[in-house]
Amino acid sequence: MTRETTVNIALAIALLAVPIGAQFADHPFIITLSTKVAIFAIAGVGLNIALGYGGLISFGHAAFFGLGGYAAGILASQALNYEPLVTWPFEIQGTTQMLIIWPVALCICGAAALVIGAMSLRTGGVYFIMITLAFAQMIYYFAISWPAYGGEDGLSIYVRSKFPGLNTLDPITFFAICFALLIAVLGFSVLLTHSRFGLALSAARQNPQRLTSVGVRPFQVQLTAFVISGMITGLAGALYADLNRFVSPAMFSWHTSGEIMIFVILGGVGRLFGPLAGAALFILLEHLLGGITEFWQFLLGMLLLLIVLFARGGLIGLLAGGRGNV
Amino acid sequence: MSSAILEVEDLSKRFGALMASDHVTLDLRPGEIHALIGPNGAGKSTLIKQIVGELHHDAGTIRFNGRRIDDLDAEARAKMGLARTFQVSSLAPEISALHNVLLAVQAVEGSVFRFFKPVIRDKKLVAAAMDNLMRVGLQDRAMVRTADLSHGERRQLEMAIALALKPKVFLLDEPMAGMGPDGSQQLTKFLARLRDEAPILLVEHDMDAVFALADRISVLVYGQIIATGSVDEIRNSKKVRSAYLGEELA
Ligand SMILES: Nc1ncnc2c1ncn2[C@@H]1O[C@H](COP(=O)(O)OP(=O)(O)OP(=O)(O)O)[C@@H](O)[C@H]1O
Ligand SMILES: [Mg+2]
């Protein structure tokens with residue numbers, strides 16, 4: 001077992017142990033925080049596929065986080081109001097079933113990522129960053145100015161979506177659902193990075209010309225990665241809507257894109273458990289320092305700076321050392 | 001005489017005021033090594049880039065097996081069977097030598113859009129990749145990170161990748177460059193046999209290698225082909241001597 005695997009397993013156990021301990025000590029707030037870590041980590045795992053493995057610096061993943069959230073929010077609120085979502089050409093009802101909401105969120109975010117990715121990937125470098133940002137901002141302003149679902153004020157959902165056989169309103173149960181999904185997307189990431197596709201994606205990042213000369217279009221590989229990436233971040237958005245029982249245009253804002261990127265960078269770009277380490281550190285800092293000083297964001301900025309300058313592997317790199325061979 | 005696999009006709013390419021290709025006509029026939037020689041900056045690499053589709057020509061045609069490929073992109077041309085090696089190695093540096101070859105093998109054997117099975121567990125793929133590493137003598141370095149390979153080993157790796165593509169044509173841009181005398185000799189022997197697998201368009205400055213290997217030689221100067229012929233014809237051509245070989249052989 002490599003040192004990185006040990007660190008990863010320790011992190012997963014810690015994320016599991018903290019809310020279980022909090023359950024016994026009757027600290028529901030800590031369970032909520034742990035759930036938030038798991039959800040943010042899923043969002044980061046999504047971004048890591050584009051950013052870490054694909055080298056695609058997306059500054060617009062808030063678009064997918066928000067779309068996933070609104071997909072969940074709109075489906076649930078329509079169901080609660082007993083109003084069909086669409087009446088023509090056929091009737092589609094809202095739903096509060098996670099097992100329906102998740103696939104819907106995945107499909108919507110996949111489609112959005114296909115469009116955004118196809119346009120953004122025609123450019124490179126700083127233009128790619130700006131175009132992904134521009135798309136997310138467009139959706140942000142659309143969400144603000146669209147009154148049907150709360151506009152600027154956001155949309156309250158009142159209930160938490162249901163999962164067959166589970167009481168999702170129980171904090172520890174909802175945490176367990178998020179944790180299981182986190183493990184699932186991490187498992188998928190492992191498979192992806194070692195697969196044929198993962199090899200092609202890594203080559204596309206390192207040297208697109210290499211891929212071209214063996215007859216594979218880097219564009220198609222990167223676009224596929226971007227779609228997968230957007231879908232996973234969208235799933236996190238749907239869970240986040242359920243956690244807060246509320247969605248607002250803030251989910252689409254560039255702050256959100258920045259935060260997801262911060263999780264990945266803090267934890268270690270392209271490191272499997274980087275997003276979890278980063279999200280955990282972020283939430284810890286927010287709640288430890290945020291209680292003491294208003295300037296915690298400033299300290300976060302300093303920390304980011306240090307990591308970018310001196311510890312490119314992020315937290316995982318510090319704990320587990322450099323990356324071995326592929 | 002058998003008909004050509006690759007035919008370049010009247011190809012022209014301009015970089016500003018510079019004619020990098022000036023009505024270039026040249027072909028490649030089954031089983032042959034066609035050497036392309038010429039001074040630095042003559043436009044040899046530029047010609048290869050146009051053939052593989054990395055650069056688009058301004059005028060002229062390129063045919064592959066009788067079919068025009070001018071409008072195909074580089075990936076499509078690679079898939080048809082044009083394999084090139086780069087004058088300056090172009091590899092994925094962070095992955096192993098084996099993975100660089102696997103990349104080529106998996107592109108040829110089916111699709112790269114498989115998301116679950118680890119490449120390294122695919123015995124057929126790995127065996128094919130190892131075969132090609134073995135052919136260039138890199139089998140012991142298979143698991144070394146590409147960035148940690150020596151210059152010569154990277155050139156060998158490029159060759160292994162080209163082999164893995166099972167191409168119909170090899171386009172080799174100065175494969176001997178920086179190989180050292182032993183390396184050059186080994187590669188010369190290797191290429192002599194390789195021509196039976198697929199014909200080779202060989203850009204090379206190493207005249208010993210060119211004269212030992214070439215069935216035909218074309219001489220490119222300032223974007224123009226000034227002569228095409230057998231080794232003896234080129235060696236004895238006054239025009240070629242004054243334009244190029246004079247300085248090379250002095
Ligand atoms: N993309 C480009 N834009 C402008 N000029 C270029 C470009 N690529 C090549 N050139 C010029 O075209 C000419 C031919 O270059 P090319 O690389 O084809 O020469 P070469 O015959 O391969 O030389 P060498 O033997 O040094 O490799 C050179 O003068 C070079 O500076
Ligand atoms: Mg050249």
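Scope of the values below: all heavy atoms of this structure, side chains included, with no hydrogens, waters or symmetry mates. Note on naming: letters A, B, ... go to the chains in the order of the sequence lines (proteins, then strands), and numbering restarts at 1 for each one.
- With sequence neighbours left out, B/Arg154 forms a salt bridge (Lys or Arg N to Asp or Glu O under 4.0 Å) with no residue at all.
- Of all the listed residues (B/Gly53, B/Ala107, B/Ser90, B/Ala104), the one sharing the greatest number of non-hydrogen pairs under 4.5 Å with chain A is B/Ser90.
- Interface residues of residues 222-229 of chain A toward chain B, defined by a heavy-atom distance below 4.5 Å and sorted by number: A/Thr224, A/Ile228.
- For the pair A/Arg122/A/Tyr127, no side-chain contact is recorded, criterion being any heavy-atom separation below 4.5 Å from C-beta on.
- Note: B/Phe115 and B/Phe113 have tilted aromatic rings, judged against thresholds of 30 and 60 degrees for the angle between ring planes.
- A salt bridge does not link B/Arg63 to B/Asp27: none of the charged side-chain nitrogens sits closer than 4.0 Å to a carboxylate oxygen.
- Counting heavy-atom pairs under 4.5 Å between each of A/Leu211, A/Val221, A/Val216 and chain B puts A/Val216 at the top.
- Ion pairing between B/Lys124 and B/Asp122 fails under the 4.0 Å rule for side-chain N and carboxylate O.
- Heavy atoms closer than 4.5 Å to chain A are found nowhere in B/Leu98, neither backbone nor side chain.
- Residue A/Leu16 qualifies as enclosed at atom CG: its count of foreign heavy atoms under 6.0 Å is above 12.
- Using a cut-off of 4.0 Å between Lys/Arg side-chain N and Asp/Glu carboxylate O, B/Lys166 and B/Glu197 are scored as not salt-bridged.
- Chain A forms the most heavy-atom pairs under 4.5 Å with one residue out of B/Asn100, B/Val108, B/Val119, B/Leu102, and that residue is B/Val119.
- If you measure heavy-atom distances from B/Leu91 to chain A, the contacts under 4.5 Å come from both the backbone and the side chain.
- B/Ala76 touches chain A through backbone and side chain together, each having a heavy atom under 4.5 Å away.
- Between B/Arg195 and B/Glu32 there is no salt bridge, since none of the side-chain N atoms of the basic residue sits less than 4.0 Å from a carboxylate O of the acidic one.
- No other option in B/Glu75, B/Arg114, B/Arg121 has as many heavy-atom pairs under 4.5 Å with chain A as B/Glu75.
- Atoms CD1 and OG, on A/Ile131 and A/Ser58 in that order, are 11.5 Å from each other to the nearest 0.5 Å.
- Neither the backbone nor the side chain of B/Val52 has a heavy atom closer than 4.5 Å to any heavy atom of chain A.
- Counting heavy-atom pairs under 4.5 Å between each of B/Ala92, B/Ala78, B/Ala74 and chain A puts B/Ala92 at the top.
- The pair B/Glu94-B/Arg145 does not meet the salt-bridge criterion, since no charged nitrogen lies less than 4.0 angstrom from a carboxylate oxygen.
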